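Worksheet: one structure, shown below.
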Protein chains: 4
Amino acid sequence: MAKSATRSRLPTRDAILAAAQYEFAAKGLSGARVNAISSRARANKRLIYYYFGSKEGLYLAVLERTYEGLRGAERKLNLDHLEPETAIRRLIEFNFEYCRKHPELISLINNENLHQAKHLRKSTKVRELHSPFVRMIDEILKRGVSKGVFRPGLDPVDVYITIASIGYFYLANNWTLSAIFARDLGARAALERRKKHNIDMMLHALRAKAPRAR
Amino acid sequence: MAKSATRSRLPTRDAILAAAQYEFAAKGLSGARVNAISSRARANKRLIYYYFGSKEGLYLAVLERTYEGLRGAERKLNLDHLEPETAIRRLIEFNFEYCRKHPELISLINNENLHQAKHLRKSTKVRELHSPFVRMIDEILKRGVSKGVFRPGLDPVDVYITIASIGYFYLANNWTLSAIFARDLGARAALERRKKHNIDMMLHALRAKAPRAR
Amino acid sequence: MAKSATRSRLPTRDAILAAAQYEFAAKGLSGARVNAISSRARANKRLIYYYFGSKEGLYLAVLERTYEGLRGAERKLNLDHLEPETAIRRLIEFNFEYCRKHPELISLINNENLHQAKHLRKSTKVRELHSPFVRMIDEILKRGVSKGVFRPGLDPVDVYITIASIGYFYLANNWTLSAIFARDLGARAALERRKKHNIDMMLHALRAKAPRAR
Amino acid sequence: MAKSATRSRLPTRDAILAAAQYEFAAKGLSGARVNAISSRARANKRLIYYYFGSKEGLYLAVLERTYEGLRGAERKLNLDHLEPETAIRRLIEFNFEYCRKHPELISLINNENLHQAKHLRKSTKVRELHSPFVRMIDEILKRGVSKGVFRPGLDPVDVYITIASIGYFYLANNWTLSAIFARDLGARAALERRKKHNIDMMLHALRAKAPRAR
DNA sequence: GATGAATGAGAGTTCATTCAT
DNA sequence: GATGAATGAACTCTCATTCAT
């Protein structure tokens, strides 16, 4: 009954959210168990319904919290005054590292796609978080074009999705890829190798082709 | 466990597999219901246990069947005698189209990664079905390099994963991306646009650059 | 696990219905417990859902079964060839005795009125059971009028409801009436007394007033 | 448990009682929800326990309040100086109208009978609130007999219960009767018709008959 | 008087699975 | 090959009630 001092400052609500994030990420919406969440949070099961109404309500709260985490981290990236190539490199690195450190993000997004984004669409919050990021990429690309390092005509959303793709896919499907190729693609060296490959590919893909005298 | 070949001729067994593929893809392993599968297959529930032993056994059978489908289609692609750039283009197109026409592949792979490829690793069959693509890509890249159209030093597995990434991610996360960017990225036009973008990016990424004066 | 021989001939479905009738009558729809029903029926709780879909489905089945019991007993009353006064007397006695022997009927009807007959209205079965009874009363009244023993102008549904009222109310509210009047109105003597009172009142109410020379 | 008189001045307590009366009447004791009562009363749930101790305590308070309302209305009826037939007519009308305007009375009485008057018996208050009707009816009958309009030998409790029966039953079972006879017995015209029928039946039942020649 | 947070027990319901035929 | 009946365990969710302030 007596709660340990370590979590007494964390309100129970947050403890539930954290536990739920873990469980939903590990098992999916249908696979996660309310019981498991409540005992992981050391909270009474009833409280989940008190605060979130239902398992789905809790799931949505976790989803929003997870996206907020990502957008918050993105906002801290200050790419505006970097060289365009450096900025893109940072972006790829950030994307790769964030996914690596937050496997729950991948799981939750996959799960949400399984449900055809039914829950995410209810959330207006998430949409607002996104546009500044696209604008940021747009400016990087434009600066790159005017400096002659990037080729013109690239759409920032396309580029963003491509950057996200090459990091996300490798990490999201690491288990099946490792099984099929019979290698450990999750080993530290493999991860570093992949990150470099992604940067290399992306920069080659964006780079202006024609030789330029300087 | 080893079942005789005669069984595969039974229509009920196939009906169960098809229904299960649909349900597992739509709801995930934990979300799918044995009841739903049996009624979709118009088969008695008991037969599922007769043929596959358990829900998990059925799931593994579905997984194998799904990978077999993919590998079979891959094997039909004959890229050996095409120009290297054309071959890559075909590969990207194939990958994109196959994922688009087989959303169950994406769902099942995602699901399997959620379970850390626990089931896939059990399957000896799947490993034998190794993608012929790696060898194919290796040859394409080599030919491209010797013809001077592709830059050297690229690993075929890396390239394969990158090609897979850019198609898969867009399609797998179509629902959440559409929600976040408030666009319909699943519309026919958007899909075509994306396919072209993927080819464009990939070819730029692989292409040998003219030397740059500095 | 081994079921006793006494109920082995009764299919489980019927055992569930009987147990449910008891529980719903004793506790009402919301007060009855599915657990209690299943253990009274010595049936697995799951079977209730297998056969009846839900607690409400079971409740409706009980309701229909209960009305069928009443209508079946009514049908066996053969009042067609009796003297009109005797027929009415029999009817009052029957109604009183049936309610007394089937307190579950009263409980279930009260409960159903609490729910504004929500469930009963779904049942087409119940409506069909009723019309022959009204016709029977109509014929008794007509014969009574033509014989000069009953006054004319009485509607058979009105009369039926009145007959039902005077028996039902006394029995249905026996507990509160006994509490308020501080008497045991459920004692055998009190019941007999009431039955006679009902017959007396009803016959006086129906009887032709004007003196008739014979 | 004995609460001071000052409490009844508090609006919150009364709001709770009113809300509880509504909920208990609409759903029964087991169907009513403490949450629903507190939010209907716009009172904190905790206050229900502060004032009434438990859900059952609240239920008993509601029951007492409801009976008090009935007895109060009964006491206002002054039938002593009316013609006996008029007095009976008024009594029947009053009973019918009171039940019609106070469906919660019916619900609560039904519910209380479901529980075998368990709660009512606990209440000393209710027993003190004896109906003044029995004495009233006794006097009316006696006057009627001495005037030659009513037949002798009728017990006032029997008559009271009969008057209560014919009004109560029709109204209490209005929903099921309407369903069974496929008519709207709750319509204004049907109610008026029934009220007249009740008066007619009762007066005929009580009336002294002219002697019959045989 | 009044309240938000918390709770243990148990509600109805659903699950994958097996029995008997 | 095929089936209807049956099952124990576990599920999500709700209940009346109490704690701490």
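As the structure is a prediction and not an experimental result, all values here were calculated from the model. So that the names make sense, note that chain A is the first sequence line, chain B the second, and so on, each numbered from 1.
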Measure from NZ on Lys55(A) to C1' on dA10(F) and round the result to the nearest Å. 12 Å

Check every strand shown and say whether Ala32(C) touches a base, only sugar-phosphate, or nothing at a heavy-atom separation below 4.0 Å. sugar-phosphate

Report the base-pairing partner of dA20(E) (Watson-Crick or G-U wobble, both distances below 3.5 angstrom), or none. dT3(F)

Does a side chain donor of either Tyr50(B) or Asn44(B) reach within less than 3.5 Å of an acceptor in the other side chain? no

OP1, OP2 of dA11(E) versus side-chain N and O of Asn35(C): anything below 4.0 Å? yes

Mapping Arg46(D) and Arg42(B) onto DNA chain F by nearest heavy atom, which one lands closer to the 5' end? Arg42(B)

Rounded to whole Å, the CD1-P distance (Ile48(A) to dA5(E)) equals 16 Å

Could you check how far CG of Leu47(B) sits from P of dA2(F), rounded to whole Å? 6 Å

What is the distance from CZ of Phe52(B) to P of dA16(E), rounded to the nearest Å? 16 Å

What is the distance, rounded to the nearest whole Å, between atom CG of Asn44(A) and atom P of dT7(E)? 5 Å

Scan Tyr50(A) against the nucleic acid and name what it touches under 4.0 Å (heavy atoms): base, sugar-phosphate only, or nothing. base

Any idea which of dT17(E), dA6(F), dT17(F) is nearest the Ser54(D) side chain? dT17(F)

Given dT13(E), is OP1 or OP2 found less than 4.0 Å from the side-chain N or O atoms of Tyr49(C)? yes

Rounded to whole angstrom, note down the C1' distance from dA20(F) over to dG1(E). 16 Å

Is any side-chain N of the basic residue among Glu68(B) and Lys125(B) closer than 4.0 Å to the acidic one's carboxylate O? yes

Could you check Ser30(B) against Ser30(C) and say which one's nearest nucleotide on DNA chain E is further toward the 5' end? Ser30(C)

Comparing nearest nucleotides in DNA chain F, the 5'-proximal residue of the pair Val34(D), Glu56(A) is Glu56(A)

Qualifying residue, where the test is side-chain contact (heavy atoms from CB on, under 4.5 Å) with Gln21(D) and the options are Leu58(D), Val62(D), Leu105(D): Val62(D)

Should Thr12(D) be listed as having a side-chain N or O under 4.0 Å from OP1 or OP2 of dA2(E)? yes

Find the distance Lys27(C):NZ to dA11(E):P and express it as a whole number of Å. 10 Å

To the nearest Å, give me how far apart CG (Asp14(C)) and P (dA5(F)) are. 13 Å

Between P of dC15(E) and CG of Leu29(B), the distance in whole Å: 14 Å

Qualifying residue, where the test is side chain to side chain donor-acceptor pair (under 3.5 Å) with Glu112(A) and the options are Lys118(A), His119(A), Arg121(A): His119(A)

Using only modelled atom types and a 3.5 angstrom limit, is any donor from either the side chain of Lys45(D) or the base of dT17(F) paired with an acceptor on the other? yes

Assess whether salt bridge (Lys or Arg N to Asp or Glu O under 4.0 Å) is satisfied between Glu23(D) and Arg40(D), documenting all intermediate values. CA-CA 9 Å; Glu23(D) 290 288 331; Arg40(D) 173 174 290 273; 3.2 Å; yes

Could you please name the option among dA16(F), dG1(E), dG4(F) that lies closest to any side-chain atom of Tyr51(D)? dG1(E)

On the nucleotide dC15(E), are OP1 or OP2 found under 4.0 Å from the side-chain N or O atoms that Arg33(B) carries? yes

Could you tell me the separation between the OG1 atom of Thr66(D) and the CD atom of Glu104(D), rounded to the nearest 0.5 Å? 6.0 Å

